[in-house]
Asks: 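After the structure tokens below, expect a handful of questions from me.
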2 protein chains.
Amino acid sequence: MQDGVDCKDCPLRRLEIFHAFSPSDLAFMREFKIGELRVDPGGPILVEGSRNPQLFTVLAGMGLRYKTLPDGRRQIINFVMPGDFIGLQAAMGGAMGHSVDATTPMTLCVFRRSEFLDVFRDNPSRAYDVTWRVATEEHFLGDALASVGQRSAIERVAWAMVRLHQRTAALGLADDGSIPFPYRQQDLADTLGLSLVHTNKTLAKLRERNLVSWVEGRLHLHDLDTLGRIAVVDPNEEPLRRPLI
Amino acid sequence: MQDGVDCKDCPLRRLEIFHAFSPSDLAFMREFKIGELRVDPGGPILVEGSRNPQLFTVLAGMGLRYKTLPDGRRQIINFVMPGDFIGLQAAMGGAMGHSVDATTPMTLCVFRRSEFLDVFRDNPSRAYDVTWRVATEEHFLGDALASVGQRSAIERVAWAMVRLHQRTAALGLADDGSIPFPYRQQDLADTLGLSLVHTNKTLAKLRERNLVSWVEGRLHLHDLDTLGRIAVVDPNEEPLRRPLI
DNA sequence: CGGTCTTTTGATTATATTCAACTTAAGTGG
DNA sequence: CCACTTAAGTTGAATATAATCAAAAGACCG
């Protein structure tokens with residue numbers, strides 16, 4: 001470890017959503033982490049097609065993960081939040097399939113990528129965790145695909161809000177139904193496969209029904225049950241506890 | 001190994017798209033494989049929500065991987081083909097996030113799932129391969145999401161055909177522009193987030209332009225360049241060689 | 001043959017996009 | 001301090017795209 005937060009003091013470790021670190025996990029992480037990177041809002045973290053094998057975990061801040069079609073259209077794959085692990089594709093020798101940008105100031109833990117392959121040899125349980133995280137991310141993408149493919153505009157917007165609430169609440173970022181949302185309507189539109197105008201009008205409908213309000217970069221969700229019903233999501237699912245990498 | 005094809009004779013091994021097996025890989029796979037499963041067309045292989053930790057590789061035949069919304073709408077996540085590795089989520093202790101059904105007679109290699117965790121301890125390079133496969137699948141899902149979210153109906157249909165051609169050609173299943181397509185139009189519709197009727201009319205447009213024909217469960221792609229241009233896909237990408245698991 | 005499933009087609013309706021204009025809010029530089 | 005610019009959100013109107021509805025034609029099977 002060079003600079004930044006010592007893994008033993010990592011604020012993410014305290015969250016229930018993450019598995020407890022064993023002493024050996026902790027020792028490993030301290031060895032694996034080589035520093036921190038700060039990125040300003042709007043700044044790029046990883047770019048699609050690049051083969052720069054950089055591995056990060058988000059320590060603080062939020063961002064966007066997105067793909068761009070050859071003609072410039074953009075599909076947002078996911079919102080990026082603390083605890084997210086990014087850069088795996090490039091670390092495994094491939095080209096990044098998507099870009100990641102910051103939308104708030106972000107702090108990233110930077111890992112020793114040269115030894116990434118060695119993780120599999122030296123620390124099987126960490127390797128298992130990495131695989132688990134990727135499999136879980138794949139699961140989420142399947143869910144997102146089902147949304148964009150099958151849900152109507154209002155269902156999609158409600159779905160995004162319910163999911164965002166689940167994620168931010170697990171990170172302790174939700175205050176009484178209010179969650180951080182440092183994005184533009186265009187970002188939400190590109191997430192859900194809707195036009196900007198239609199996204200705006202759909203948000204207005206939810207606002208008129210007193211289900212959500214959006215002020216100063218935070219979303220206030222006034223009636224999660226109703227949102228969940230609109231979104232056609234199974235209300236019984238709870239966020240999975242997961243390994244922190 | 002109990003019955004079925006001995007891994008050393010596995011027909012998939014001969015394909016260029018898959019990495020060569022080292023003798024130790026081969027020994028490992030022979031140990032890891034415990035048998036084969038045959039499934040009839042229409043039969044279920046894995047069901048969403050189940051926690052039955054079964055691990056398979058597709059040896060022959062094709063199928064569908066899909067999610068179902070609580071109200072019954074269906075989103076197809078991907079077409080399943082020989083060499084595909086399925087059941088990982090359940091093998092890692094989670095619930096399946098999707099179902100898998102056969103659409104042709106299928107033969108699956110069944111793996112010793114009880115020892116899946118041990119793979120990470122005993123065979124790091126296989127573990128790495130598993131992770132690589134999942135990361136690649138995630139990459140594909142991002143691509144699919146971008147299609148459903150950003151492309152028009154005709155672009156989506158063309159996109160599906162180009163991708164299908166890439167996949168089947170890599171498996172040696174494409175004959176002179178003709179590829180197996182053991183699905184219904186409803187399946188294509190549920191893949192692309194379109195209604196059945198609109199999918200049918202969009203296919204008719206491509207047929208009228210002499211770009212595709214669809215007879216007896218095979219798609220004939222008469223002009224891949226034009227299809228690629230319609231699909232807005234980067235023509236320079238080639239399928240990645242990948243580990244066989 | 002009758003029945004079921006799939007594909008096809010036309011007509012109608014709904015949903016979402018595009019276009020265009022206007023409002024705020026937040027810089028920037030004279 | 002104030003014009004000027006730029007980015008983001010909002011709104012209405014026109015248009016396009018896709019969904020829905022309905023019916024018929026093939027295909028396949030017992």
Side-chain angles (χ1 to χ4, degrees), chain A residues 40-43 64 69 71-76 101-104 147-160 181-209 212-220 230 232, chain B residues 40-43 64 69 71-76 101 103-104 147-160 181-209 212-220 230-232:
Chain A
D40 287 329
L64 288 174
L69 298 198
D71 64 1
R73 282 174 278 182
R74 179 180 73 147
Q75 174 67 40
I76 290 173
D101 285 1
T103 59
T104 70
S147 271
V148 175
Q150 303 301 321
R151 285 187 242 252
S152 68
I154 199 162
E155 289 169 346
R156 287 183 223 183
V157 173
W159 172 84
F181 193 69
Y183 304 109
R184 300 165 306 162
Q185 294 191 358
Q186 182 69 64
D187 297 324
L188 189 57
D190 289 346
T191 302
L192 300 176
L194 297 170
S195 71
L196 169 61
V197 172
H198 198 53
T199 301
N200 178 286
K201 289 176 182 173
T202 306
L203 279 167
K205 278 184 196 157
L206 292 174
R207 199 188 313 130
E208 281 157 25
R209 292 177 61 178
V212 303
S213 46
W214 184 350
V215 272
E216 290 164 18
R218 292 188 74 88
L219 276 175
H220 299 260
I230 294 172
V232 199
Chain B
D40 287 330
L64 287 174
L69 298 198
D71 64 2
R73 281 174 279 182
R74 179 181 72 148
Q75 175 67 42
I76 290 172
D101 285 0
T103 58
T104 70
S147 272
V148 175
Q150 303 300 322
R151 286 186 241 252
S152 69
I154 199 162
E155 289 169 345
R156 288 183 222 181
V157 174
W159 173 83
F181 194 69
Y183 305 108
R184 300 164 306 162
Q185 295 191 0
Q186 183 69 64
D187 297 324
L188 190 56
D190 290 345
T191 301
L192 300 175
L194 298 169
S195 71
L196 169 62
V197 173
H198 199 54
T199 302
N200 178 285
K201 288 175 181 173
T202 306
L203 279 166
K205 278 184 196 157
L206 292 173
R207 200 187 313 130
E208 280 157 26
R209 292 175 61 179
V212 304
S213 46
W214 184 350
V215 273
E216 291 164 18
R218 293 187 74 89
L219 277 175
H220 299 259
I230 294 173
V232 197

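Naming: A, B, ... by sequence-line order, numbering from 1 per chain. Please read these numbers as outputs of a predicted model, since none were measured by experiment.
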Asks: Working to the nearest 0.5 angstrom, can you tell me the gap between Ile230(A) CD1 and Arg209(A) CZ?
Replies: 4.0 Å

Asks: For dT8(C) and Asn200(B) - does any side-chain N or O of the residue sit under 4.0 Å from the phosphate oxygens OP1/OP2?
Replies: yes

Asks: Indicate yes or no for a side-chain donor-acceptor contact from Asp190(B) to the backbone of Asp187(B) under 3.5 Å, with no hydrogens or angles considered.
Replies: no

Asks: Under 3.5 Å, which donor-acceptor pairs do the side chains of residues 197-207 of chain A form with other protein atoms, sequence neighbours left out?
Replies:
residue   : atom : partner   : partner atom : Å
Thr199(A) : OG1  : Ser195(A) : O            : 2.8
Asn200(A) : ND2  : Gln185(A) : OE1          : 2.9
Thr202(A) : OG1  : His198(A) : O            : 2.6

Asks: How far does the helix from dC1(C)-dG30(D) to dG30(C)-dC1(D) bend, going by the axes of its first and last five pairs, to the nearest 10°?
Replies: 30°

Asks: If you round to the nearest 0.5 Å, how far is OG1 of Thr191(B) from CG of Leu64(B)?
Replies: 6.5 Å

Asks: May I ask you to test the Val232(B)-Arg73(A) pair for a side-chain heavy-atom distance under 4.5 Å?
Replies: yes

Asks: Which nucleotide span of DNA chain D, 5' end to 3' end, has atoms closer than 4.0 Å to non-hydrogen atoms of chain B?
Replies: dA18(D) to dC21(D)

Asks: Walk me through whether Leu192(B) and Glu155(B) qualify under side chain to side chain contact (heavy atoms under 4.5 Å, CB included).
Replies: CA-CA 10 Å; Leu192(B) 300 175; Glu155(B) 289 169 345; over 6 Å; no

Asks: Just wondering, do Thr103(B) and Pro41(B) contact through their side chains at under 4.5 Å, heavy atoms?
Replies: no

Asks: With distance as the sole test, does Arg151(B) use its side chain to make a donor-acceptor pair with the main-chain N or O of Arg156(B) at under 3.5 Å?
Replies: no

Asks: Can you list, by residue number, the residues of residues 183-192 of chain A that have a non-hydrogen atom closer than 4.0 angstrom to DNA chain D?
Replies: Arg184(A), Gln185(A)

Asks: Output one line per pair: protein atom, nucleotide atom from nucleotides 16-18 of chain C, and distance, for all N/O pairs under 3.5 Å.
Replies:
residue : atom : partner   : partner atom : Å
dA16(C) : OP1  : Ala153(A) : N            : 3.0
dA16(C) : OP2  : His198(A) : NE2          : 3.1
dA16(C) : O5'  : His198(A) : NE2          : 3.3
dT17(C) : OP1  : Ser195(A) : N            : 3.0
dT17(C) : OP2  : Ser195(A) : N            : 3.0
dT17(C) : OP2  : Ser195(A) : OG           : 2.9

Asks: Would a 4.5 Å heavy-atom cut-off, applied to side chains only, mark Ile76(A) and Tyr183(A) as touching?
Replies: no

Asks: Go through the structure and list residues passing side chain to side chain donor-acceptor pair (under 3.5 Å) with Asp40(A), not counting sequence neighbours.
Replies: none

Asks: Does the side chain to side chain contact (heavy atoms under 4.5 Å, CB included) test come out yes or no for Val212(A) and His220(A), once each step is laid out?
Replies: CA-CA 5 Å; Val212(A) 303; His220(A) 299 260; over 6 Å; no

Asks: Output the distance between atom CD (Gln150(A)) and atom CD (Gln75(B)), rounded to the nearest 0.5 Å.
Replies: 4.5 Å

